[in-house]
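Position 1 is the first residue of the sequence; numbering continues from there. Side chains are part of it too, since the values below use all heavy atoms of this structure and drop only hydrogens, waters and symmetry mates.
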Amino acid sequence: MITRRTVIISLAVSFSLQWALSVLFWMGPFHARPMVIWLAPLAPPYYGVRFLIERDLDVALVSLIVTVLTIVFCLLAVLIRRTSTLISAHIMLVAYWFWSYCLIGIGV
């Protein structure tokens, strides 16, 4: 059985490594503004709400769905503590960061 501490640490390390990769990616070859460091982890929920207000429902719904699914899968991984839920949570973290890359990349 996987301990709760192990699940939380693995998710935190995964999130932190993907954040560091994001900073290296955007600040390296693309020379993005330093604001991207703080925008990257918050891009999906921020733009989800922003585009919902602006009535751009396609991007808003995808952003909010990805955010909610990531939170739900991470909570399930902490509560259930099975390998399959932990792998699903990590996959959702990768999808979350991929969508964050997409939002920043298209320049929203």
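The cluster map of Ile, Leu, Val, Met, Phe, Trp and Tyr, joined by side-chain heavy atoms under 4.5 Å apart, puts Phe15 and Leu103 in the same cluster. Note: the hydrophobic cluster containing Ile53 also contains Leu64 (ILVMFWY, side chain heavy atoms under 4.5 Å, direct or indirect links). Under the 4.5 Å side-chain heavy-atom criterion for ILVMFWY residues, a single connected hydrophobic cluster contains both Trp97 and Tyr46. Put simply, Val49 and Leu57 are part of the same group of oily side chains (I, L, V, M, F, W, Y) that touch within less than 4.5 Å, one to the next.
Rounding to the nearest 0.5 angstrom, the gap separating the CD1 atom in Ile104 from the CZ atom in Phe25 is 9.5 Å. With rounding to the nearest 0.5 Å, the separation of OH in Tyr47 from CG in Leu52 is 15.5 Å. Annotation: the span from Arg5 atom CZ to Ile9 atom CD1 amounts to 4.5 Å, rounded to 0.5 Å. In this structure, CD1 in Ile91 is found 11.5 Å from OG1 in Thr70, a value given to the nearest 0.5 Å. Rounded to the nearest 0.5 angstrom, Phe73 CZ and Leu11 CG are separated by 12.5 Å. Between the CG atom in Leu69 and the SG atom in Cys74 there is a gap of 10.5 Å [rounded to 0.5 Å].
A pairwise comparison of heavy atoms in Gln18 and Leu93 identifies OE1-O, 3.2 Å as the closest pair. Counting all heavy atoms, side chain and backbone alike, Thr67 lies closest to Pro44 at OG1-CB, 3.4 Å.
Listed by chain and number, the residues in a side-chain hydrogen bond (donor to acceptor under 3.5 Å, both in side chains) with Ser63 are Trp99 (sequence neighbours excluded). Residues passing the side-chain hydrogen bond (donor to acceptor under 3.5 Å, both in side chains) test with Thr6, sequence neighbours excluded: Thr3. A search for side-chain contact (heavy atoms from CB on, under 4.5 Å) contacts involving Leu75 returns Ile71, not counting sequence neighbours.
Among Ile87, Val94, Leu86, the one residue that satisfies the side chain to side chain contact (heavy atoms under 4.5 Å, CB included) test with His90 is Leu86. Screening Thr85, Ile80, Ile2, Leu79 against Val7 for a side chain to side chain contact (heavy atoms under 4.5 Å, CB included) leaves a single residue, Ile2.
Between the Ser100 side chain and the Tyr96 main chain, no donor and acceptor come within less than 3.5 Å of each other.
At least one side-chain heavy atom of Leu21 sits less than 4.5 Å from a side-chain heavy atom of Tyr101.
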